Amino acid sequence: MSRWLNFVMFYAGWFACVGGAARGQLWLGPAVVAVFLLVHLAGTAKLTQEARLILVAGLFGFAIDTLQASSGLYSFAGTSVKPWLSPPWMVALWMLFATTLNSSMSWLGGRYGLAAGLGAAFGPASYVAGARLGAIELSENSLVSVIGIAIVWAIAMPALLLMRHALCRPRGMVAARRARVPVHGAAGGVMSAMLIAALVAPAGAATEIEGVRFAPQVRAADVNMQLSCVGLLRYKRFIKAYVAALYVDERTAPEEVLRDIPKRLELSYFWGIGAADFGKAGDQILAQNVDAETLAKLRPRLDTINSWYRDVKPGDRYSLTYVPGVGTELALNGDPIGVVEGADFAAAYFRIWLGDRPIDASLRDQLLGCSDSRASS
């Protein structure tokens with residue numbers, strides 16, 4: 001296989017794994033990588049040795065990422081069964097990376113010092129890109145995360161080269177060390193891909209506000225919704241209560257949000273709140289936004305959703321997702337609780353935050369107008 005093809009496959013596989021995870025398509029990366037691995041192995045003369053290197057690199061990567069996540073450098077919240085456990089899409093990326101060691105990165109053989117330096121520089125760049133896309137979450141102190149990842153990758157890159165030497169023993173390694181192939185050439189493609197990914201990631205970056213990250217896109221019932229705006233609700237003007245994010249179709253204008261269109265509202269809390277308080281506050285706000293007849297008609301369904309609310313603790317996140325023809329789903333930390341049917345229910349219930357007399361006018365204006373308080377990505 002040519003080095004250029006190997007470079008292109010890794011680049012495509014990186015975006016399939018990271019981009020797929022960020023959009024909730026956790027299967028996409030492993031599926032694409034599986035195809036690329038078959039293509040790679042079909043074109044190698046040392047099938048057994050190359051397959052062994054790919055497998056060992058996958059196990060090595062699983063251990064490395066699980067260790068880093070367990071130490072708090074970053075989290076796989078939302079893209080793995082456990083925030084600290086390296087998910088299949090990440091393991092697939094390590095296995096795909098192993099295919100470059102004897103191809104587009106073969107020039108690095110024996111250059112352990114250079115490998116450590118490149119790992120320390122571009123390893124963190126790849127993880128930061130993944131965080132900006134929303135596939136992982138860095139720790140609250142992102143500088144600590146970057147430094148920690150740099151240290152780990154300064155060790156991991158030479159270790160991968162040692163694995164390559166032990167498992168494959170490529171004959172041309174000494175010659176490659178003496179050849180002085182320019183790093184900026186085709187042979188340096190994979191590391192360049194990491195850097196490019198970090199630079200282009202902001203176009204689809206996750207948004208952060210008050211230390212809380214929201215994915216750039218969500219999907220529900222085969223409907224894609226884009227992150228529109230985020231906002232902060234302050235209790236008594238000084239206490240940060242929660243941050244919210246509004247997702248709609250990118251063509252939806254602010255004045256159309258309460259119409260019969262797909263939408264999601266995510267609320268991440270800074271304080272613990274009792275289950276009964278959600279229904280009590282919601283009923284009070286709804287009474288200010290709909291007439292008595294409408295409220296009476298909605299009462300059975302309001303009682304149903306109020307009964308679903310649970311106590312929340314700091315860091316918990318509720319989401320309300322409406323899809324026409326399906327209904328309004330209430331979920332806690334990504335786990336669905338139930339669905340309330342009816343476009344009339346959604347039109348009324350979302351008025352709690354987006355109506356004429358919402359729970360907080362400033363929060364409504366932020367969510368509908370992307371005011372200056374919108375977080376930077």
Side-chain angles (χ1 to χ4, degrees), residues 78 212 214 218-221 223 225 228-236 239-248 257-368:
V212 179
F214 292 100
V218 296
R219 185 175 178 83
V223 175
M225 288 172 273
S228 176
C229 299
V230 297
L232 167 68
L233 184 146
R234 292 181 182 271
Y235 178 70
K236 301 293 186 181
I239 302 174
K240 298 175 184 178
Y242 59 78
V243 289
L246 177 65
Y247 292 85
V248 292
V257 169
L258 293 175
R259 295 180 182 177
D260 190 20
I261 61 168
K263 47 184 165 281
R264 172 181 287 187
L265 192 63
E266 290 191 9
L267 310 170
S268 182
Y269 299 88
F270 296 120
W271 298 88
I273 301 176
D277 292 333
F278 290 100
K280 186 184 301 183
D283 286 352
Q284 292 176 353
I285 302 301
L286 273 176
Q288 301 173 20
N289 283 271
V290 300
D291 57 52
E293 182 180 352
T294 300
L295 192 61
K297 181 180 178 182
L298 297 175
R299 176 47 56 193
R301 285 174 285 175
L302 288 172
D303 290 342
T304 297
I305 197 170
N306 288 343
S307 70
W308 291 342
Y309 279 106
R310 305 166 186 170
D311 296 344
V312 298
K313 59 183 182 298
D316 281 345
R317 185 179 299 196
Y318 267 122
S319 64
L320 286 161
T321 307
Y322 172 70
V323 177
V326 177
T328 302
E329 178 192 79
L330 176 68
L332 177 60
N333 297 326
D335 296 325
I337 300 175
V339 177
V340 180
E341 296 180 349
D344 59 336
F345 178 85
Y349 205 73
F350 277 86
R351 291 180 185 275
I352 294 174
W353 297 272
L354 306 174
D356 293 333
R357 302 184 66 184
I359 190 170
D360 185 83
S362 175
L363 176 65
R364 176 201 58 198
D365 293 344
Q366 293 173 61
L367 293 175
L368 296 182

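Because the structure is a prediction, the values reported are computed rather than measured.
- Not counting sequence neighbours, R364 has no partner by the salt bridge (charged side-chain N to carboxylate O under 4.0 Å, His left out) test.
- The two residues R357 and Q288 make their nearest non-hydrogen contact at CD-O, 3.6 Å.
- Taking 4.5 Å as the limit, every side-chain heavy atom of M225 sits out of range of all side-chain heavy atoms of V248.
- Legend: residues meeting side chain to side chain contact (heavy atoms under 4.5 Å, CB included) with P336, ordered by chain and number and at least two apart, are E329.
- Between R310 and D335 there is no salt bridge, since no side-chain nitrogen of the basic residue lies less than 4.0 Å from a carboxylate oxygen of the acidic one.
- Within the model, atoms CG of D356 and CG of L258 stand 8.5 Å from one another, a figure rounded to the nearest 0.5 Å.
- Of all heavy-atom pairs spanning L367 and G231, the tightest one is CD2-N, 3.8 Å.
- Evaluation of the salt bridge (charged side-chain N to carboxylate O under 4.0 Å, His left out) rule for R219 yields D222 as partners, not counting sequence neighbours.
- The shortest side-chain heavy-atom distance between T321 and K263 does not fall under the 4.5 Å cut-off.
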Test log, rule side-chain contact (heavy atoms from CB on, under 4.5 Å), inputs V243 and Y269: CA-CA 7 Å; V243 289; Y269 299 88; over 6 Å; no
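- The two residues L232 and Q366 come nearest to each other via the heavy atoms N-OE1, 3.0 Å.
- To the nearest 0.5 Å, atom OG of residue S319 and atom CG of residue L332 are 8.5 Å apart.
- Between L295 and L302, the closest side-chain pair of non-hydrogen atoms falls below 4.5 Å.
- Residues satisfying the side chain to side chain contact (heavy atoms under 4.5 Å, CB included) criterion with A275, sequence neighbours excluded, are D311.
- Distance check, rounded to the nearest 0.5 Å: CG of L267 to CD1 of I359 gives 9.0 Å.
- Contact check for R299 versus D283: side-chain heavy atoms found under the 4.5 Å cut-off.
- Annotation for G315 and S268: closest pair O-OG, 4.3 Å, computed over non-hydrogen atoms.
- Minimum interatomic distance between D360 and L363 (heavy atoms only, all atoms of both residues): OD2-N, 2.7 Å.
- Residues Y318 and L265 fail the side-chain proximity criterion, which asks for heavy atoms closer than 4.5 Å.
- Using modelled atom types and a 3.5 Å distance limit, the side chains of T294 and D291 yield a donor-acceptor pair.
- Looking at heavy atoms from C-beta onward, P324 lies in side-chain contact with Y322 at the 4.5 angstrom threshold.
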Per-pair distances, 0.1 Å, donor-acceptor, side chain in residues 338-355, under 3.5 Å, sequence neighbours excluded:
from : atom 1 : to   : atom 2 : distance (Å)
D344 : OD1    : R301 : NH1    : 2.9
D344 : OD2    : R301 : NH2    : 2.9
Y349 : OH     : Y309 : OH     : 2.8
R351 : NE     : A347 : O      : 3.2
W353 : NE1    : Y242 : OH     : 3.2

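- The shortest heavy-atom contact between K240 and W271 is O-NE1, 2.8 Å.
- A search for salt bridge (charged side-chain N to carboxylate O under 4.0 Å, His left out) contacts involving D316 returns K313, not counting sequence neighbours.
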